[in-house]
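Remarks on the structure that follows.
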Amino acid sequence: MSDDEKRKRVRDIEQTLNTLRGELGEPSDDPRDYGDAGQDLVQREEHAAQIEALETERDRLLEELND
C-alpha cells in the first residue's frame, strides 16, 4: 500500500470512528425492560469492538507513515 493510500485509509477510518462514536451516544438512565437493556448493551459492545479495531488499524498505518 502506498503512502497516499495509507493516508486516505487513515482519513476514512477517522470519519468512520466519528460516525460510530456519534451513533453510540450516552447511556440512558431511563427505565427499560430487560430486552431493551440487553440490546443496548450488545450494541455498545459491538460498537466498542469496531472502534477498537479501527483505532488499532489507524495507529498501525500512522506508525508506518512515520517510519
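Taking CG from D12 and CG from L61, the interatomic distance works out to 10.5 Å, rounded to the nearest 0.5 Å. Between atom CG of residue D59 and atom CD of residue E64 there is a gap of 11.5 Å, rounded to the nearest 0.5 Å. Rounding to the nearest 0.5 Å places CD of E63 at 10.5 Å from NZ of K6. To the nearest 0.5 Å, atom NE2 of residue H47 and atom CG of residue L17 are 11.0 Å apart.
Although no hydrogens or angles enter the test, the distance criterion places a donor-acceptor pair under 3.5 Å between the side chain of E5 and the main chain of S2.
Using a 4.5 Å heavy-atom threshold, the side chains of Q15 and N18 count as separate. In this structure the side chain of R9 reaches within 4.5 angstrom of the side chain of E57, judged on heavy atoms.
In terms of hydrophobic clustering, with Ile, Leu, Val, Met, Phe, Trp and Tyr side chains grouped at heavy-atom distances under 4.5 Å, V42 and L20 are assigned to different clusters.
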Residues 49-56, side-chain donor-acceptor partners within the protein, below 3.5 Å, at least two apart:
residue : atom : partner : partner atom : Å
E55     : OE2  : R21     : NH2          : 2.4
T56     : OG1  : E52     : O            : 2.9

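Ion pair K8/D4 not flagged as a salt bridge, since none of the NZ, NE, NH1 or NH2 atoms sits closer than 4.0 Å to an Asp/Glu carboxylate oxygen.
Taking all atoms of both residues into account, the shortest heavy-atom contact from E14 to R58 is OE2-CD, 2.7 Å.
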